[in-house]
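Remember, it's a predicted structure, so these values are computed and weren't measured experimentally.
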Amino acid sequence: MTTSSAIGSDATVPHAVGAAAAGVWGDETEIAKAAVALASRRISKASDPKTTARPASALLADAGQTITPEGLGADKVLRIFEDVIAPATRAQDDPMNLGYIPAAPTRAALAFDAVVSSYNIFAGTWESGAGAIFAENQALAWLVELLGWPKTAGGCFVSGGTVGNLSALVTARQFARNQLGRHPVGQWRLASTAQAHSSVQAAAAVLDAEVVIVPENDQGQLTGEALRSTLINSHDVFAVVASAGTTNAGIIDDLAGIANVCQRFGVWLHVDGAYGGAALAAPSARHLFNGIERADSFIVDPHKWLFATYDCCALLYRQPELARAAHSQHAGYLDTIDREVWNPWDYGVHLTRRARGLPFWFSLATHGTKRYAAAIEQTLATARAVAGGIRGISQLRLLLEPTLLVVLFERPGWDDAAYLRWSRRLALDGRILCIPTQWKGRTVLRLAFVNPATEADHVLEVLAETTMDGG
């Protein structure tokens with residue numbers, strides 16, 4: 001057995017790693033060193049803020065045909081990646097990338113993602129990935145604690161909110177089928193508002209379920225009262241999807257009222273907290289989630305507001321055994337696996353699985369939960385400061401107070417074309433990424449703050465200066 005060594009030391013590593021395969025691939029030692037050096041350069045330098053998507057024809061002209069019978073060699077391919085391929089991608093972690101829901105991974109998470117890839121861990125079963133799964137489960141346990149769920153709750157990391165929502169709803173449907181003892185005469189139904197994430201509609205299509213739209217209140221929320229009226233009139237609803245931070249406006253539904261109604265009707269409550277669920281860690285925002293402790297399942301994407309790398313969604317169940325009953329796969333080559341240990345492939349719509357939760361675990365373990373809470377509080381303060389500053393810019397109008405990290409505002413007098421010209425020009429200049437959206441039937445502007453490095457004064461300076469004219 002080899003012993004551990006200091007970071008960067010190769011005293012215990014064989015002279016020629018992969019020597020047995022050298023007859024096929026050649027000696028790849030220098031290739032690995034060059035790739036690691038490139039990763040180190042990227043992690044340690046600032047991002048390029050320009051939105052630089054380019055036509056495929058332009059990329060082909062600069063990169064050429066990269067897949068050839070003889071191969072191009074690592075040096076040339078790395079140059080193509082660094083000089084052509086990577087610059088044609090958007091920097092998600094730039095402090096002025098405020099479009100969609102961006103990402104701001106810690107450098108610790110970025111670095112450890114490279115480490116995780118180098119270990120090539122299969123993390124679908126405990127037998128093959130016990131150490132990695134143990135670490136992932138410690139990170140999940142912190143989220144369980146934030147939810148106020150029992151310590152027996154748990155789940156796994158999946159690729160993103162779409163797979164997380166689908167997996168939770170598969171579990172909910174199986175639970176409802178077991179309770180009913182049969183398939184309903186018509187379709188299964190699930191209930192949500194029109195503001196729920198688009199993945200809810202996608203999951204319903206996969207499940208061949210009808211989405212029952214519950215009317216929102218004046219604040220755009222799903223409420224217990226409206227849900228009760230809907231469930232009285234709609235049969236065979238197997239799940240309710242509540243939002244803990246809608247993507248477009250950051251609205252948190254009436255979770256306590258919804259939980260009361262779901263309990264009364266015996267309906268599964270799933271909470272989509274893809275980005276907003278991170279605010280459970282912020283003392284100033286925790287009260288907004290009252291009622292979430294009674295949900296049956298929950299998702300949050302650490303690659304959004306928990307400073308992890310793509311792709312990483314935490315999928316959690318209050319009663320994990322219900323997920324195992326819905327998702328466990330069986331075959332001759334699978335049935336030798338110990339089913340009594342924690343096998344992540346039993347909790348989602350997946351089988352093959354990398355240890356995608358480890359970069360999040362490493363960053364969380366390195367920096368500590370107090371720093372995570374402080375980082376989230378800082379971004380909440382930035383969103384509030386920008387909202388307040390917009391009120392002081394005469395040509396702009398704030399549309400609603402930010403609940404979490406999303407700020408909606410408009411520039412009266414601009415039409416759709418003006419909004420698009422302004423957004424595109426500033427993106428290409430690398431000054432700010434702010435994407436128009438639709439709010440109550442009209443085009444408006446939207447900012448999303450997930451990066452503790454974003455400075456409110458800088459954002460307001462750009463907004464005030466660039467929205468003076470007609471777009």
Chemist: Can you tell me if Arg228 and Thr223 form a side-chain donor-acceptor pair at under 3.5 Å?
Modeler: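 Side-chain D/A pair, Arg228 to Thr223: absent.
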
Chemist: Donor-acceptor pair, distance only, cut-off 3.5 Å: does the side chain of Ser328 make one with the backbone of Arg324?
Modeler: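 Side chain of Ser328 to backbone of Arg324: a pair is present.
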
Chemist: Ser47: what forms a side chain to side chain donor-acceptor pair (under 3.5 Å) with it, not counting sequence neighbours?
Modeler: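 Here the qualifying residues are Asp94.
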
Chemist: May I have the step-by-step check of side-chain hydrogen bond (donor to acceptor under 3.5 Å, both in side chains) for Arg294 and Asn260, ending in yes or no?
Modeler: CA-CA 9 Å; Arg294 289 187 282 158; Asn260 288 337; 2.6 Å; yes

Chemist: Are side-chain N/O atoms of Asp272 and Ser243 paired as donor and acceptor at under 3.5 Å?
Modeler: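 Per modelled atom types, Asp272 and Ser243 side chains form no pair under 3.5 Å.
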
Chemist: Apply salt bridge (charged side-chain N to carboxylate O under 4.0 Å, His left out) to residues Glu410 and Arg442 and explain how you reach the verdict.
Modeler: CA-CA 10 Å; Glu410 64 183 347; Arg442 66 183 188 272; 3.0 Å; yes

Chemist: Kindly say whether Thr467 contributes a backbone atom to a donor-acceptor pair with the side chain of Arg411 at under 3.5 angstrom?
Modeler: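 Yes; at least one donor-acceptor contact below 3.5 Å.
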
Chemist: Considering only NZ, NE, NH1 and NH2 on the basic side and carboxylate oxygens on the acidic side, decide whether Arg90 and Asp48 come within less than 4.0 Å.
Modeler: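 Between Asp48 and Arg90 there is no salt bridge, as every charged N stays at least 4.0 Å from the carboxylate O atoms.
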
Chemist: Is a salt bridge present between Asp311 and Arg356, judged by a nitrogen-to-oxygen distance below 4.0 Å?
Modeler: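 Salt bridge flag = yes for Arg356 with Asp311.
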
Chemist: Quick one: does Gln395's side chain have a donor or acceptor within less than 3.5 Å of a partner on Ala464's backbone?
Modeler: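 Here the side-chain-to-backbone pair exists.
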
Chemist: At their closest point, which heavy atom of Ala387 faces which heavy atom of Pro402, and how far apart are they?
Modeler: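 Distance-wise, the nearest heavy atoms are CB-CD, 3.6 Å.
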
Chemist: If you measure from the Lys or Arg side-chain nitrogens to the Asp or Glu carboxylate oxygens, is any gap between Asp93 and Lys45 under 4.0 Å?
Modeler: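 Salt bridge absent between Asp93 and Lys45.
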
Chemist: Check the pair Arg421, Asp416 against salt bridge (charged side-chain N to carboxylate O under 4.0 Å, His left out), reporting the backbone distance first and the verdict last.
Modeler: CA-CA 9 Å; Arg421 284 195 304 270; Asp416 290 1; over 6 Å; no

Chemist: What are the two closest heavy atoms between Pro102 and Gly99, and how far apart are they?
Modeler: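 Distance-wise, the nearest heavy atoms are CD-O, 3.3 Å.
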
Chemist: Could you check whether Glu465 pairs with Arg431 (Lys NZ or Arg NE/NH1/NH2 to Asp/Glu carboxylate O, under 4.0 Å)?
Modeler: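 Result for this pair is yes, salt bridge flagged.
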
Chemist: Does any donor atom in the side chain of Tyr347 or Thr171 lie under 3.5 Å from an acceptor atom in the other side chain?
Modeler: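 Short answer, no.
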
Chemist: Looking at Ser423 and Cys434, would you say the former's side chain and the latter's main chain have a donor-acceptor pair under 3.5 Å?
Modeler: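 Yes, the answer is positive, given that a donor and an acceptor are paired below the 3.5 Å cut-off.
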
Chemist: Backbone N or O of Leu207 within a donor-acceptor pair of the Arg173 side chain at under 3.5 Å?
Modeler: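 Answer holds: yes.
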
Chemist: If you take all heavy atoms of Ala427 and Leu433, which pair is closest and at what distance?
Modeler: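 Looking at all heavy atoms of both residues, the closest pair is CB-CD1, 3.7 Å.
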
Chemist: Would you indicate whether the side-chain heavy atoms of Gln179 and Phe175 approach each other to under 4.5 Å?
Modeler: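 Touching, per the 4.5 Å side-chain cut-off.
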
